[in-house]
A.B. asks: 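Take a look at this one; I'll ask things after.
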Amino acid sequence: MDKSEVAAVLEEIALLLELHGENPFRANAYAKAGRAIAQLETNIADIVSAGTLDQIPGVGETLREKITTLVTTGKLPFFDDLKAKTPPGWLQMLRLPGMGPKKVKALSDSLGIDDLEKLKAACESGDVAKLKGFGAKTQKNILEGLAFIDQMGNRVRLDQAMMIAEPVLAFMRNLPGVQRVELCGSVRRRKETIKDIDILVSSDDAAPIMDAFVKLPNVQKVIGHGETKSSVMLAGADHHASRVLINADLRVVNDSQFPFALNYFTGSKEHNVRMRQRAIDYGWKLNEYELAGAPKSLLFNDETDIYKALDLDYVPPELREDTGEMDAAAGHVLPDLLTLKDITGVFHNHTTWSDGAASLEQMADAARALGYRYLGIADHSRSLGVAHGLSVERVKNQQGEMDALNAKYKDFRLFKGTECDILADGSLDYDDDVLASFDYVVASVHTLFNQPLEEMTARIIRAIEHPAVTMLGHATGRLLLRRDAYKVDLDAVLQAAARTGTMIEINANPYRLDLDWVHCKRAKALGVMLVINPDAHAPDELAYTRFGVDVARRGWLEKQNVFNTRSLSDVMKYLGVSFV
DNA sequence: GCCGTTTTCGGCCCGACTGTTTTCAGTCG
């Protein structure tokens with residue numbers, strides 16, 4: 001059982017314990033350990049066999065035993081018993097907004113409701129409203145929550161959240177009386193999927209700002225409308241024009257409270273806990289409005305001042321996941337994070353030669369407009385028929401066209417690449433002499449996603465070990481909120497890449513965003529070189545690169561950890577390409 | 001269930017909002 005499965009079990013145990021009315025701190029201990037394990041950079045199996053499980057913060061004696069059982073046997077009787085005595089529908093009921101363990105329990109105990117269908121029926125017949133502690137409003141909210149879950153689950157991708165959030169932000173900035181405006185929450189931390197958009201505004205007069213917010217034209221529903229906090233459901237469309245619904249919260253504070261509120265509402269929750277605990281160590285109390293008890297001589301103009309008061313370096317939002325950033329900030333060893341401006345070009349992109357929407361020249365023009373010094377084209381290889389993979393002959397023709405274009409460019413270069421399929425046994429889709437005709441090779445898995453873990457791992461490592469392979473494309477094949485990653489021992493893959501000097505891609509397509517940020521940290525520790533690629537199939541998709549930079553920043557990466565921050569001449573030297 | 005320079009028990013971040021009550025419980029972040 002791998003770490004994401006173990007983490008999922010622990011987090012489910014936490015929910016189940018809560019549903020059974022257990023001590024919430026006990027439940028939280030499971031959830032906390034689950035999160036810690038989800039963020040492990042190495043293999044859980046290795047940690048178990050090395051006997052170092054209890055070095056993970058939040059894992060003590062009991063959890064060590066339970067996790068060991070889970071990893072070694074793939075089962076946990078404690079979990080199975082808990083599940084057996086919990087109607088499966090309770091967990092689904094918990095996902096409804098406004099429903100917590102107490103309400104689920106009350107519905108189940110008094111009306112025998114233990115799944116979403118019975119819940120819907122009881123709401124429609126009006127039985128729920130008659131229940132003590134419930135009412136007509138609660139019943140209506142449950143029905144609306146059921147409809148919402150039906151429509152879309154409850155998370156969206158980062159790019160979708162940004163497309164909805166950015167115009168709202170611009171609108172808020174232009175409202176009279178508004179002083180400062182920032183995005184907070186997981187959007188500001190650039191998590192790959194988002195549950196809701198948090199916006200913070202400072203102003204001396206909150207009411208008109210709240211009113212304007214709840215009257216935005218794309219508001220579908222007002223969920224809450226208080227003095228300092230309002231909550232709405234917003235509709236929008238992503239760049240594929242698919243409809244997106246997401247909750248958005250607005251909070252308004254006065255300008256002197258703004259830095260504290262910004263820090264608090266940015267989270268993560270775990271980072272906030274650490275910040276508050278640190279404030280307590282100083283004899284102060286941190287909340288979303290102030291650092292109470294701190295000397296009057298300390299001024300707090302922005303977030304940096306809060307960190308400074310606690311003798312911490314400023315922690316960029318992307319790092320606020322309680323994965324060591326507090327210690328690094330205290331020890332003044334936070335990384336100097338990569339920025340989008342550092343990117344000099346990108347390597348994994350498609351054209352109409354395979355499944356892209358634009359020609360070589362159109363893609364090159366778009367890259368030059370972004371200020372890139374080079375663009376790598378890596379169209380699909382021959383076996384990927386669905387994507388019009390290139391035959392050996394078409395490879396030659398495409399390369400000829402690229403030579404002709406390069407002859408025109410003065411300070412820009414098209415690199416000849418391929419996104420070469422990794423076949424079932426780890427061999428590559430072109431012979432070595434064809435591979436040698438490319439400036440670089442991106443090797444990717446596009447088929448047989450359901451191979452067993454050992455087979456998939458060996459398959460990818462064999463490809464990495466091939467001397468022609470420059471970089472590994474989208475390491476796990478996941479499509480966020482759509483398709484799970486294939487089973488692969490990523491730590492073994494990263495170790496192989498470190499050994500052979502093969503780069504690992506951070507695929508910046510917002511559906512993928514893998515290598516994920518957790519493993520970026522591991523790759524950095526192993527000395528693996530990363531490369532950020534948009535996997536663009538159209539000119540405007542080159543802009544996806546920004547999301548890859550977000551992942552890199554969450555993964556603590558610095559400029560020198562990412563290959564495509566190098567100058568054109570350094571890239572050419574590395575790839576062994578000379579000017580013609 | 002975890003944890004410890006206030007340490008082996010008794011804490012565990014803390015405030016806003018909603019909906020139900022009529023002073024507060026539950027949920028959320």
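Letters A, B, ... mirror the listed sequences (proteins, then strands); counts begin at 1. For clarity, every value in this text was computed on a predicted model and none was experimentally measured.
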A.B. asks: Regarding A/K269, tell me which of base, sugar-phosphate or nothing describes its non-hydrogen contacts under 4.0 Å with the strands shown.
C.D. replies: base

A.B. asks: Taking only the C1' atom of each, what is the distance from B/dT27 to B/dC13 in whole angstrom?
C.D. replies: 16 Å

A.B. asks: Should the side chain of A/D198 and the base of B/dG29 be counted as holding a donor-acceptor pair, with the cut-off at 3.5 Å?
C.D. replies: no

A.B. asks: Does the side chain of A/Q179 reach to within under 4.5 Å of the side chain of A/F258, using non-hydrogen atoms?
C.D. replies: no

A.B. asks: Using the C1' atom as the point on both nucleotides, what is the distance between B/dC3 and B/dT8, in whole Å?
C.D. replies: 10 Å

A.B. asks: For nucleotides B/dT22 and B/dC12, find the distance between their P atoms and express it as a whole number of Å.
C.D. replies: 31 Å

A.B. asks: Check every strand shown and say whether A/L17 touches a base, only sugar-phosphate, or nothing at a heavy-atom separation below 4.0 Å.
C.D. replies: nothing

A.B. asks: How would you label the contact of A/A136 with the nucleic acid (heavy atoms, under 4.0 Å): base, sugar-phosphate, or nothing?
C.D. replies: sugar-phosphate

A.B. asks: NA contact type, A/N287, heavy-atom cut-off 4.0 Å: base, sugar-phosphate, or nothing?
C.D. replies: sugar-phosphate

A.B. asks: Return whichever of A/K132 or A/K66 has its heavy-atom-nearest nucleotide of DNA chain B closer to the 5' end.
C.D. replies: A/K66

A.B. asks: Is the ring pair A/F78/A/Y30 parallel, tilted or perpendicular, if the boundaries are 30 and 60 degrees?
C.D. replies: parallel

A.B. asks: Evaluate A/E303 against A/R188 for salt bridge (charged side-chain N to carboxylate O under 4.0 Å, His left out), listing each step before the verdict.
C.D. replies: CA-CA 14 Å; A/E303 257 192 322; A/R188 184 165 182 238; 2.9 Å; yes

A.B. asks: Base, sugar-phosphate or nothing for A/K32? Non-hydrogen atoms, less than 4.0 Å.
C.D. replies: nothing

A.B. asks: For nucleotides B/dC28 and B/dT20, find the distance between their P atoms and express it as a whole number of Å.
C.D. replies: 15 Å

A.B. asks: Between the main-chain N or O of A/A36 and the side-chain N or O of A/Q39, is there a donor-acceptor pair closer than 3.5 Å?
C.D. replies: no

A.B. asks: Taking A/S202 for its side chain and A/R180 for its backbone only, find out whether a donor-acceptor pair lies under 3.5 Å.
C.D. replies: yes

A.B. asks: What contact category does A/Y264 fall into here, base, sugar-phosphate, or nothing, at under 4.0 angstrom with non-hydrogen atoms?
C.D. replies: base

A.B. asks: Ignoring hydrogens, what is the shortest heavy-atom contact between A/L19 and A/P101? Give both atom names and the distance.
C.D. replies: CD2-CA, 3.9 Å

A.B. asks: Among residues 51-60 of chain A, which residues get a heavy atom nearer than 4.0 Å to DNA chain B?
C.D. replies: A/P57, A/G58, A/V59, A/G60

A.B. asks: Looking for any heavy atom pair under 4.0 Å, which part of the strands does A/K195 touch: base, sugar-phosphate only, or nothing?
C.D. replies: sugar-phosphate

A.B. asks: If the C1' atom of B/dT18 is compared with that of B/dT23, how far apart are they to the nearest Å?
C.D. replies: 15 Å

